[in-house]
Structures are given as C-alpha cells and as structure tokens.
Amino acid sequence: MVPRITATALALCLAAPAMAQEVNLYSYRQPELLKPLTDAFTEATGIKVNVAYLEKGMVERLKAEGRRSPADLIFTVDISRLAAAVDAGVTQPVTSDVLTANVPAAYHDPDGQWWGLTTRARIVYASKDRVDPSEVTTYEDLADPKWKGRICTRSGTHDYTVALVAAMIHHHGEEATRTWLQGVKDNLARKPQGNDRAQVKAIWAGECDISLGNTYYMGQMLNDPEQIEWANSVNVLFPTFENGGTHVNISGVAMTAAAPNKDNALKMMEFLVSPEAQEVYAHANYEYPIAPGTEADDLVKGWGTFTADDTNLMTLAGLREDALRLVEEVDFDG
Ligand code: FE
C-alpha cells in the first residue's frame with residue numbers, strides 16, 4: 001500500500017503546476033511592450049503570466065516541443081509570420097464573441113487561427129529639405145525616374161518589403177509588379193541594407209531623399225537621443241496604391257496547438273482586445289489600436305490620417321511566395 005500512496009501523492013504534486021492559474025507566452029515582441037499588459041492582466045484576473053522572449057526559431061521550437069509545449073500563446077508581428085505558424089500546424093482556431101466584436105474582420109483569420117492586435121502602416125519618410133510632401137503620392141510612383149538615386153530601403157526579402165510587394169501583386173498582377181520592382185531598384189541610392197531606421201539616418205546624412213518604413217519607427221526615433229535628429233529631418237507621408245489605400249500590416253496573437261492553459265489563454269486574448277488594453281499596447285510602440293472606439297496616441301495622430309488599403313491580410317499571406325520570387329528575379333538586393 002505504501003508505494004501506492006506515494007505514487008498518488010507524487011501524481012498530485014506533478015499535477016499541481018498544470019492546475020496553477022497561469023498562462024505561458026512565446027514572444028517576438030519586446031518585454032517593454034508586453035510587460036504593462038501582462039501586469040494589468042495578472043492584476044485583473046490573478047492569472048500569472050510567464051513569457052519567453054525569443055529572437056528567432058519560434059515555430060521550430062513549437063514543432064520540436066509538440067504536444068508537450070508549455071506555450072499557450074504566441075506574439076509576433078507581420079501576417080507572414082502568423083501565417084507561417086498556421087502553416088506549420090502549431091496554432092489552433094479560437095473564436096469568441098469578444099474577439100469577433102473587437103477585432104475587425106480584416107484583421108483576423110476567418111477560422112480564428114490568428115488575431116490582429118495592432119496595425120502599422122508602411123509609409124514614406126521624406127527629407128524635409130529636399131522633398132515637397134506633395135511629391136509623394138503612390139507606391140507605384142516610387143518607380144518613376146524622378147526618384148532616380150533618391151530612394152533608400154531595407155532588403156527586398158524582409159517580411160515588411162515582401163508584404164508590400166504582395167499587395168502590389170494583388171492590385172496590379174505579377175507582370176506589372178515585376179516592372180515596378182525593377183523601377184524601384186533602378187531608383188535606389190544604394191543597395192538595400194540595414195533596418196527601417198537606418199534608411200532615415202541615410203536621409204539625414206544626405207545619401208537619399210526618401211525611404212520606406214513602418215510608422216512606429218518615427219516614435220521610436222523621437223525617443224532616442226541619438227536618433228531624434230534623424231527623425232526631425234524627415235516628414236511622415238502616407239502613399240497609397242493607385243487603386244487602393246495605404247499598406248498596413250499587423251501585430252497579432254495566436255493560440256498554440258498544444259496550449260496547456262487554454263481557458264486562461266482565451267481570457268488573455270479577450271483582455272488584449274479590450275479597449276483599455278488595446279490602447280496600452282498600441283501606445284507602447286506607437287502603433288494603431290484596432291478595437292472599435294480606440295485611438296492612437298497623440299504623437300501618432302499628429303502624423304496624419306490615412307485610409308488603410310483593404311487588401312485582405314490572408315490574400316497578402318497567400319501571395320508571399322510569389323512576391324519573394326519577384327524580389328529574387330529582379331535581384332532587388334543585388
Ligand atoms: Fe519592426
């Protein structure tokens with residue numbers, strides 16, 4: 001009998017961690033963005049939040065861990081990364097009235113495999129000294145020879161560029177997009193290199209006049225003593241597609257296929273789309289909240305308003321491979 005009692009006691013001990021009120025996150029997003037939210041969530045619900053901050057390999061890790069993965073939710077940016085997680089089979093569909101009511105249809109998977117939390121626009125940073133804001137109109141116009149030797153951008157194979165190229169394919173088809181991409185390449189002041197902020201630095205240094213970048217980097221640069229000069233040398237301009245709006249992408253969340261704390265994970269997802277959490281999350285990185293009735297922070301609003309392109313994010317994810325192939329065909333980074 002003794003061994004049996006011991007075994008039962010041991011089983012209870014082992015079961016205890018799984019029964020604790022907690023939720024586990026894998027995040028590509030920075031601690032300073034998530035911390036205010038996880039703290040508020042714990043305060044509101046008593047559920048402890050454990051976060052593993054990863055730099056890369058999230059999908060591979062989830063696949064390797066399989067059904068034993070401790071992760072309940074994954075946090076990342078860009079539809080391509082969310083779609084890659086879904087394609088790898090490491091997510092599960094989640095639906096709830098709260099999520100549906102707070103996340104516009106354009107910003108979540110119809111099956112609930114991923115849910116957008118914030119948006120960011122891919123815009124043009126333009127030299128205050130050398131570019132009149134009215135000169136920047138459409139993404140198509142970036143291939144116009146008037147920009148020859150004046151454009152800086154990051155790699156064509158980066159997810160941010162690939163998503164923009166995918167949207168161009170959606171609007172104009174592959175042939176026209178290849179021509180456009182070649183035109184933009186011909187206008188580059190230097191080979192694609194560095195991140196979005198490095199392009200603004202190049203404008204500040206006089207190497208080029210305009211660059212492509214995400215909106216929130218303006219906020220980040222304005223809050224960095226070294227980069228504030230770069231930020232102050234440019235205007236934030238919102239180009240559109242000729243037959244559409246301004247290109248936007250999302251940051252989002254998905255529930256893992258293994259999710260050991262499914263109920264708590266759903267509570268956290270619903271908390272994240274509440275108007276209060278939405279504004280905290282969006283303001284922390286100068287992004288746009290997406291729940292009805294929420295507003296971007298004053299600095300972000302000061303950059304101006306825009307109409308988001310209505311290309312469905314699933315469409316962008318589906319055109320990703322085609323976009324990457326075109327980038328390689330024109331040897332955009334070469
Ligand atoms: Fe970014």
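Heavy-atom basis, side chains included; hydrogens, waters and symmetry copies ignored. Atoms within each ligand, like the ligands themselves, are counted from 1 in listed order.
The side-chain tip of Arg120 does not point at the ring of Tyr288 from less than 6.0 angstrom away and within 45° of straight on.
Other residues, nucleotides and ligands contribute over 12 non-hydrogen atoms within 6.0 Å of the NZ atom of Lys128.
The Fe ion (ligand 1) has an N, O or S atom of Tyr217 closer than 2.8 Å. Distance check for Asn195 against the Fe ion (ligand 1): none of its N/O/S atoms falls below 2.8 Å.
Ring pair Tyr216/Tyr286: centre-to-centre distance not below 6.0 Å.
Here the angle centred on the Fe ion (ligand 1), running from OH of Tyr216 over to OH of Tyr160, is 90°, rounded to 10°.
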Inset, instruction - Check the pair Asp333 / Lys185 against salt bridge (Lys or Arg N to Asp or Glu O under 4.0 Å), numbers first and verdict last. - result: CA-CA 8 Å; Asp333 289 356; Lys185 181 188 174 186; over 6 Å; no
